[in-house]
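Counting begins at 1 with the first residue of the sequence. For clarity, every value in this text was computed on a predicted model and none was experimentally measured.
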Amino acid sequence: MNLQRVDLNLLVHLDVLLREKNVTRAAEQLGITQPAMSNILRRLRKLFNDPLLVRSSEGMTPTERALELQPRIREILADLTQVLEPRTEFRPYSTSRVFRIMTSDYAEATLVPKLVKALRSEAPNVILDFLTPSDVSYRDMEQGRVDLAINRFNEIPQSFHQVLVWRDTFSCLLSSESPYAHRFNLKNYLKAQHVWVSKTGMGVGFGVNPEKSGGLGSIDQALQRLGQKRQISVFTRHYQMPAMLAANKDLIATLPTRVAKMQANNDSIIMEEPPFFIPEFELTMAWSPLLQHHPAHRWLRQLIMHVARQIVDDEENPPQEIPIINHLF
């Protein structure tokens with residue numbers, strides 16, 4: 001193939017076509033007519049010697065070749081954008097950029113407070129817009145409408161860049177007056193009523209089905225592997241609630257350890273290790289390849305990872321308290 005005869009704009013058109021899977025919508029997004037978009041699709045089919053999109057009962061469906069091309073086209077366009085953008089030095093202290101970050105409630109409780117503190121020092125004019133998983137779709141991220149997503153992902157598009165923020169385990173919160181407080185074993189765990197708390201993934205969430213314990217997350221999946229099932233009385237998506245709910249003598253909340261430590265700060269609540277094995281989970285940061293090389297975005301990612309490392313280091317090496325020697329005062 002003679003690359004000098006290839007119109008690189010065709011790659012832009014192909015990217016939009018594969019994202020929209022609809023000729024009319026792709027034309028509207030690119031500001032051209034539907035016949036012009038149809039003509040471009042014919043040129044693309046000839047260029048790649050493949051139909052790329054075929055009609056089906058569900059609309060236009062990408063071929064195997066198109067699915068193979070899509071992430072590679074995204075990377076090529078991202079690299080071209082980086083090459084063609086003028087080089088400018090990013091100055092955090094003076095920028096007034098808006099960063100839109102999708103965070104799970106877990107990340108918001110554990111990571112965001114110290115991140116905001118660091119940002120107020122490093123970039124006081126930055127504006128932060130924190131979104132929930134229900135506010136954001138993978139398509140929003142792919143198009144660069146959202147800068148970052150920090151969440152526990154079950155799956156994520158292969159074209160996205162991602163990095164591990166940290167790993168966490170699970171702990172249980174229960175009332176100090178619970179009948180199981182001093183006999184915390186699997187048998188009593190299963191006797192108790194439980195608080196379920198979680199919201200992972202992307203897009204609009206729906207109510208849970210208590211009968212389908214395998215779909216409730218890693219805690220219930222771990223119990224299912226033992227042939228057991230807990231009795232859940234309260235379902236919530238907010239990590240602020242479990243400590244208050246666990247103050248009830250008959251309720252137990254099983255939640256990530258970093259959140260549990262933050263909430264087990266009064267005498268009425270105790271924290272215990274789960275009486276069965278639950279695999280640890282990963283908090284991940286993900287972003288679109290379109291933003292991979294952007295100086296401001298790269299700076300933000302580095303700052304987030306720096307803050308995350310500090311949080312982990314402080315947990316592993318807590319500051320030593322200096323003893324007070326009363327007789328000297």
Side-chain angles (χ1 to χ4, degrees), residues 102-112 132-136 149-155 166-181 183-266 268-284:
M102 188 286 282
T103 57
S104 62
D105 196 58
Y106 165 76
E108 206 166 66
T110 55
L111 176 64
V112 166
T132 71
S134 297
D135 296 327
V136 177
I150 306 175
N151 201 354
R152 295 156 55 189
F153 296 102
N154 295 325
E155 57 183 24
W166 64 44
R167 294 182 175 87
D168 201 356
T169 58
F170 288 89
S171 293
C172 299
L173 294 181
L174 61 159
S175 168
S176 58
E177 297 181 11
S178 167
Y180 312 120
R183 293 176 291 128
F184 197 64
N185 51 40
L186 180 58
K187 180 180 178 181
N188 286 334
Y189 182 92
L190 296 171
K191 280 184 182 179
Q193 298 291 318
H194 292 266
V195 180
W196 178 96
V197 53
S198 181
K199 178 64 179 84
T200 59
M202 303 278 278
V204 178
F206 296 94
V208 296
N209 185 345
E211 300 303 316
K212 296 183 178 180
S213 58
L216 295 178
S218 52
I219 298 167
D220 295 280
Q221 289 167 4
L223 281 171
Q224 195 173 50
R225 286 191 287 271
L226 297 174
Q228 302 292 345
K229 181 180 178 181
R230 61 177 173 166
Q231 304 173 68
I232 303 174
S233 295
V234 181
F235 292 85
T236 178
R237 278 77 176 165
H238 302 285
Y239 282 106
Q240 293 90 338
M241 289 184 64
M244 294 184 288
L245 298 174
N248 291 280
K249 297 178 184 179
D250 62 336
L251 286 177
I252 295 174
T254 307
L255 63 165
T257 299
R258 284 190 174 89
V259 177
K261 286 180 178 178
M262 294 167 60
Q263 298 192 13
N265 56 2
N266 62 71
S268 65
I269 298 291
I270 62 173
M271 188 171 79
E272 297 279 1
E273 289 188 10
F276 58 99
F277 173 72
I278 309 172
E280 64 181 12
F281 66 89
E282 297 182 345
L283 182 68
T284 301

For residues 242-253, pull every pair meeting side chain to side chain donor-acceptor pair (under 3.5 Å), keeping only residues two or more places apart or in separate chains. E177-K249
pair [X]-[Y]: side-chain heavy atoms closer than 4.5 Å:
| X | Y | result |
| --- | --- | --- |
| T103 | V112 | yes |
| I219 | H194 | no |
| V259 | V197 | no |
| M102 | D135 | no |

Side chain N188, main chain N185, donor-acceptor under 3.5 Å: no
Spell out, as yes or no, whether a donor-acceptor pair under 3.5 Å connects the side chain of T169 to the backbone of T257. no
From [X] [atom1] over to [Y] [atom2], what is the distance, rounded to the nearest 0.5 angstrom?
| X | Y | atom1 | atom2 | answer |
| --- | --- | --- | --- | --- |
| Q231 | L190 | CD | CG | 8.0 Å |
| L283 | F153 | CG | CZ | 8.5 Å |
| D220 | I232 | CG | CD1 | 4.5 Å |
| L173 | I270 | CG | CD1 | 9.5 Å |
| N151 | D105 | CG | CG | 10.5 Å |

ring-ring contact (aromatic ring centres under 6.0 Å, His included) partners for F184, two or more places apart: none
Excluding sequence neighbours, so at least two apart, what forms ring-ring contact (aromatic ring centres under 6.0 Å, His included) with F170? F281
Got a sec, which residues hit side-chain hydrogen bond (donor to acceptor under 3.5 Å, both in side chains) with [X], two or more places apart in sequence or on another chain?
| X | answer |
| --- | --- |
| E273 | none |
| S176 | none |
| S218 | none |
| T110 | none |

S178: partners by side-chain contact (heavy atoms from CB on, under 4.5 Å), with sequence neighbours left out: L174, S175, Y180, A181
Going by side-chain contact (heavy atoms from CB on, under 4.5 Å), name the residues that satisfy it together with A247, two or more places apart in sequence or in a different chain. I269
Using the salt bridge (charged side-chain N to carboxylate O under 4.0 Å, His left out) criterion, which residues pair with R225? Sequence neighbours excluded. none
Looking at residues at least two apart in the chain, or sitting in another chain, which of them share a salt bridge (charged side-chain N to carboxylate O under 4.0 Å, His left out) with R258? D168, E315
Quick one: sort the F276 and Y189 rings into parallel, tilted or perpendicular, breaks at 30° and 60°. perpendicular
Would you mind listing every salt bridge (charged side-chain N to carboxylate O under 4.0 Å, His left out) that reaches into residues 239-248, with sequence neighbours excluded? none
